[in-house]
Every structure is written in C-alpha cells, then in structure tokens.
Amino acid sequence: MFIAGQWVEAEDGSVREVFNPATGEVLATVAEGGLADVRRAIAEARRAFDESDWPQTPVVERARLLHALADKLEERAEEFAVLETENCGKPLRESRFDVNDAVNCFRYYAGLINKPLGQTYEVSDPMMTMVVREPIGVCGQIVPWNYPLLIAAWKLAPCLAAGNTTVFKPAEVTPLSAIKLFELIEEVGFPSGVANLVLGAGPVVGHELAASGLVDKVAFTGGTATGRSIMQAAAGNLKKISLELGGKSPNIVFADADFEAAVEFAMFAIFANQGQVCSAGSRLLVEDSIHDRFVEALVERSRKIRVGNGLHEGTEMGPLISPAHLQKVLQYIEIGKAEGATLALGGKRLTDGEYARGNFVEPTIFTDCTPDMRIVREEIFGPVLAVLRFRDEEEAVRLANDSDYGLAGGVFTQDGAKALRVIKRLRAGITWVNTYHPTYNEAPWGGYKQSGIGRELGTYGLDAYTEIKQINVNLQVGPLGWYRND
Ligand code: NAD
C-alpha cells in the first residue's frame, strides 16, 4: 500500500493472495489493509489537503504531473496490458485498449484543468459576481475488478487535476495494475499524502472511506447493492457522492438494420470482457420479422468464439474473474432454464484440458425470454444473453425501459429518424446507434435510475470533483446606509 509517500504493509501484517483467473495460479501476495491502515491514509490525505499547498498548486503544475504520469504509463503500456490480463482475465487486445484509454484519460484531464472553468456576471452596478471552482477535499475512491486500470484512471485523473487528495481502493481480487500505477505516481513526484493507495476488503476499508467524517467525497463504481450501502454510510457527514452502478442494458435490433453489423455488435455487446461490463448489452430485443433468422446467425457465430487464456493472441473471450463469480453465473443459467427460457447456445462451464484450472464458461444465449424472468431483470455480469422479441417501435421502447436500471442502450436500424426517436425515449445515460460499447473520455459516463448518481468523464467528470463558489465583489466601497446612525 502507498500511504503518505511510503510503501507499507498492513499494520497487523495481514496479506491476501491474488490469482490468475485463467490458470488458478497465485500471481502475487499483497497487503490486506484494515481499519487502522485506511484511517491512517485518510488522516494523511486530510493533512495533505488542509496543510500542504497542493490544493493551491498552479494548474500548470498539476497538468504537468498528469502528463508525466500519462507518458510513463504509455512507455510501459505492454507491461501493464499483460499484467491486467493476467490479473483479470480479459483478452490481451482488450487490455491494450484499456491501457491506451487510461493514458488518454490522464492527458484529457491534464488538458482540461487549465481551461477556463469559472464565470463572471455583471449583476447590478456596482457589484460583480464571479463563480469559481475549487477542489472538494479528501476523496475516497472505490473501484471494481472488471476494468481495474481504466476505472482507476477515470477516478484519479479528474480528482487530482482538480486539486483534491485521494485514498484509492482497488477491488480485492485485482489490485496489481493499481499498485504499478502508484509506482508511477511516486516516480513522477506527486507530493506526499496527495494520492494514497489502500488495499483491503470492501466492507472494512471501503466502508470506512464511505463513513469517515474526514472524507469529503466518496466516488464508487461497483454493484447497485453496494452503492446503496455506500450512500447510507456517506449520510453521516453528508458527503458528496458519485455512484456508477450496475446495468441490464437493452440492445434493440429492427428488421431494417444492417444484418451482419447488428449480429456482430450483438455479440460484442454481451461477450466483450466475458460480459463483465456494466454497460453490456445483456438484453437483446429483436423485431419479430427477423427474429428467427437473426438468432440463428447469432448462435452460429457465437459458437465459434475462441475462449481461452487472455494472454494467447487470438483469444476472443477469457475466463470469469473468480470461482465464486463463475458459480454465480452458472446459477443464473440454471435459473434461466428453470424459468422456461430456451437455451440456444452454451450454458456450461468449460473444463477440458487447459480450461480445467480456470473459470471458463461458454458463451451463452437464451431465447424465448419474457420480461418477468430473473435472467431478464437481474444483472448476471457474465457472458449470458437474454433475447426477447418485439412487434413494433412502441413495444421495443416499452420493453427496453422495463428495468430498474438505466445505464446504457443501443439501437440498430438504417432509418435515422427512427433511431433518434427510440434513443430519445430510452431512459439511459449512455446510448449507441448502429454500434455498441465505444466510449470516449470527452463524453459523460453514468446512468439513469438505479444505475447510479452523477457522471464521470468529460467536463461533467471534472465538475464532480469540484465545489462551486460565488464571490460577490463591491466595486464602490461605502456604507450601506441600511441602519440609522443616530
Ligand atoms: P462490488 O460492488 O462488489 O465491489 C466494488 C468495490 O466496492 C470493490 O472495491 C469492493 O471491495 C468495494 N465494496 C464492497 N462492499 C463494500 C462496502 N460495503 N462498502 C464500501 N465498499 C465496498 O462490485 P464488483 O463485483 O467488484 O463489480 C461488479 C459491479 O460493478 C457490477 O454490478 C457492475 O455493473 C458494476 N460496474 C459499474 C460500472 C459503471 O460505470 N456503472 C463500471 C464497472 C462495473
């Protein structure tokens, strides 16, 4: 762990083993932080915010540090990509993409922070009002295991750009790329106490970040149930909160879509990162008239997906993150069968040969799904697709919005007006037309409904790490004349 510029073990000496999900091998043994460790890190971050000149550091200096971090990460991109794949299983080409995106995220906020952020108003003579943005203070940042490095960049870049200090906590099972990233943070010379890394269990270390009265903001990415408990814990000192939570996103294919493109994007929507993507297109809605032909093509192509160790070039789908998560996904597959959905593809754990020691599951597709089924309503977070059919635009929109979640959604059609009509009615924060999944540092990321509160990335993501202050200035100083002077 990295606290106040020092690499430290847990105060009570606890450690945790970190596994490779493709092979079951132990990759590393890391410190397992506890309450004492996180409290010390919070105190150091507090001190760095309150007593050092970090919050007042000129923005050009903060931008320089972020650029230097981006450059170092870029120089070592392949090493980070391999480590990410070893620790979280995703195919190497996906990890390379994540590293590149993380580099760009640091550069984006390095560039944004020295652009004008304030406003001035000519209110009423002789007054002038200025609006300025200031850092919030100490931030607790808690992230999941599915994009360990990329989400670290999404959290750290705007937080540090804005002049906050942070205590950052990676997921228990995927701390390795964060540890390496903090080595670079040390190398580029962020001042002591500004960026702290604490490892450990969510209900202990994460909960303390959410509950501590010394933390001003908690930013969380993870499951919706955890998000709810963080919101409750944060109520004590009315922390600012940002929550990026789960999803069950609809991908709508109309009969007039480019057939081949829609088939491949439907696969990419659910099978990228083994379906462990908050914005995965896990509900596929297909128009009646092409439904059977579409499903047939989808099943045939998905059957050929190359499942394997993410380190092997050519692997298209890796293992699930852990044995426990594998069990959860397999249970959902049993639930789907019991609910009466038709298992059109997959459904089994892969155990032959090199699969035996990893957490591999087949790409899985259920058809004949109905809106009340649990496999349609609940986030499975694995390579399990639920296909539903619809008759017309009206029904497509109704089915798409029939969810507690509202993170993302896609529409495939060659009718531009129809695409926009449907997108405008989708109750979701991230949407796509004739594509699925691309996202950019420039645009806000976040969900409607129970998919979260607030937005990351873009200018919105920087706003989320600033307080807003109005400064009213009297340009003609003199007595007010409000009170009698006799
Ligand atoms: P999770 O909620 O179990 O854990 C996420 C993080 O929270 C981990 O670091 C964990 O240690 C910590 N945590 C757990 N319990 C806690 C508690 N009581 N208090 C404070 N922190 C606690 O989620 P996960 O299984 O790691 O990740 C999968 C979930 O993340 C999925 O639901 C997925 O949709 C969501 N996710 C959302 C986004 C998004 O941007 N909306 C992105 C990626 C993942």
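If you read the sequence from its start, that first residue is 1, and numbering goes on from there. Atoms within each ligand, like the ligands themselves, are counted from 1 in listed order.
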Beyond-backbone contact of Arg283 with Asn251, side-chain heavy atoms, under 4.5 angstrom =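 In short, these two side chains do not touch, never coming nearer than 4.5 Å.
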
message = When you compare the side chain of Phe190 with that of Leu66, does any pair of heavy atoms fall below 4.5 Å?
response = yes

key: side chain to side chain donor-acceptor pair (under 3.5 Å) between Gln450 and Thr224, intermediate numbers included   = CA-CA 7 Å; Gln450 293 186 35; Thr224 292; 5.8 Å; no

request  = Only pairs at least two apart or in different chains count here, so list each salt bridge (charged side-chain N to carboxylate O under 4.0 Å, His left out) that has a residue in residues 220-247.
outcome  = Lys240-Glu467

key: Salt bridge Arg133-Asp463, side-chain N to carboxylate O under 4.0 Å   = yes

request  = Test side-chain contact (heavy atoms from CB on, under 4.5 Å) on Leu243 and Met231 and set out the steps.
outcome  = CA-CA 9 Å; Leu243 302 175; Met231 199 169 168; 4.2 Å; yes

task = Kindly tell me which protein residues have any non-hydrogen atom under 4.0 angstrom away from an atom of ligand 1, grouped by chain and ordered by number?
result =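 Ile142, Val143, Pro144, Trp145, Asn146, Ile151, Lys169, Pro170, Ala171, Glu172, Gly202, Pro203, Gly206, His207, Phe220, Thr221, Gly222, Gly223, Thr226, Ser229, Ile230, Glu244, Leu245, Gly246, Cys278, Glu379, Phe381, Leu407, Trp445.
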
